[in-house]
Amino acid sequence: MAIEVGILGATGMVGQQFIALLAKHPWFKVTWVGASERSSGKAYRDAAAWRLPTPAPDEVSNLVVEQAAPGKAPKLVFSSLDASVAGEIEGAFANAGHFVTTNSRNYRMDATVPLMIPEINADHLKLLDAQQAARGWKGRIVTNPNCSTIALTLALAPLRQFGLKAVMVTTLQAISGAGYPGVASWDILGNVIPFIDGEEGKIETETQKILGTFSGGAVAPHPVVISASTTRVPVHNGHTVSASVKLDQKVTADAVIAAFNSFRGRPQELKLPSAPPQPVVYLIERDRPQPALDVNRDGGMTVTVGRLRPCPVLDYKFFALGHNTIRGAAGAAILNAELMREEGIL
Ligand code: NAP
């Protein structure tokens with residue numbers, strides 16, 4: 001029997017990815033869609049400016065978009081609301097008993113809200129007990145990280161065993177990361193924009209929380225120091241990161257590559273439906289990863305890494321790439337919900 005789910009912010013870039021990814025999901029079925037008052041009352045097919053290469057499924061296209069308020073939505077709700085409204089609306093849903101798994105930034109750094117990449121920190125779901133005590137909600141909120149943070153952190157997690165000390169990272173982020181219609185074509189075509197509001201701070205702090213240790217009912221952030229610079233580039237999908245890392249131990253490049261390729265987590269152990277078989281794949285070609293060639297690997301859920309080389313300033317440098325609206329957003333939230341179901345939390 002399928003679990004009915006709702007989508008808050010269903011008309012946006014990430015909302016559309018939710019609908020596409022859930023169309024054939026073995027456990028979840030979309031029965032409710034919510035968005036702003038600009039969209040509510042319209043059929044989904046008329047409200048959403050569909051931007052994906054696969055057509056919107058009929059059973060969702062025919063749904064009427066509802067106001068983003070609790071009441072009629074199913075218990076499990078995925079959220080891709082604009083951050084300007086997500087805090088209040090998601091809080092209202094959790095208070096009313098919904099389990100919200102969200103992409104929005106509003107609750108990510110709250111001490112009692114799990115910030116999940118299930119391959120890395122499945123045990124952080126234990127924060128939900130503290131959340132209930134602190135907030136008194138009947139429901140729960142679980143978050144996934146910023147889209148660049150997910151690609152970077154999946155590439156860093158295999159290196160924790162070598163004593164991760166410091167990271168310098170520069171991102172090259174796709175235009176789909178800015179939502180729809182996003183950045184004006186005049187601004188982005190043939191250009192690079194060296195500013196994404198708030199993004200650098202998110203990468204620097206969210207990564208420490210995700211890599212942190214759950215103990216005594218709280219998460220102690222990982223001590224790695226991160227310096228991030230972010231740019232928007234004229235790419236449709238896929239955030240690339242160029243990272244240099246400082247490690248405690250002296251390790252060979254072969255050992256680092258083996259660590260990337262052998263990295264696995266709870267989703268692979270549980271064989272969750274959205275889990276890629278190998279979450280981090282090292283590409284040996286000298287000019288990879290590239291968004292145009294590698295972003296859709298394993299349905300967009302794999303982070304590809306390449307060009308590992310010694311760094312004359314720190315220890316090693318490499319590129320990593322992740323699909324920003326799949327692994328970095330909708331796919332991430334779906335994986336979180338799959339983990340919650342298998343861990344008996346839903
Ligand atoms: P988007 O395309 O601009 O979509 C925003 C959604 O929020 C739309 O469904 C919109 O509905 C809804 N919304 C806006 N104002 C609202 C209101 N007052 N009440 C109810 N709903 C409202 O943005 P997006 O790129 O999908 O991003 C959504 C969220 O995910 C953001 O918080 C973003 O930071 C985060 N995120 C995005 C990415 C990415 O790669 N794009 C990755 C990770 C996280 P209407 O259509 O009715 O206006």
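Just so you know, ligand 1 is whichever comes first in the structure, and atom 1 is the first atom listed for that ligand. Nothing fancy with the numbering, it's 1 onward along the sequence.
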With under 30° as parallel and over 60° as perpendicular, where do the rings of H25 and W27 fit, or are they tilted in between?
perpendicular
Quick one: are M116 and N121 in side-chain contact, heavy atoms under 4.5 Å?
yes
Going by heavy atoms in the side chains, are W50 and I19 under 4.5 Å from each other?
yes
Could you tell me if the side chain of N336 sits less than 4.5 Å from the side chain of P118, heavy atoms only?
yes
For ligand 1, give me the residues whose heavy-atom distance to it is below 4.0 Å, by chain and number please.
G9, A10, T11, G12, M13, V14, A35, S36, R38, S39, A68, S80, L81, D82, A83, V85, I89, N103, S104, C147, S176, G177, G179, Y180, N324, T325, G328, A329
Would you call R266 and E343 a salt bridge, taking side-chain N to carboxylate O under 4.0 Å as the test?
yes
Any idea how H124 and F214 line up, ring-wise: parallel (<30°), tilted (30 to 60°), or perpendicular (>60°)?
tilted
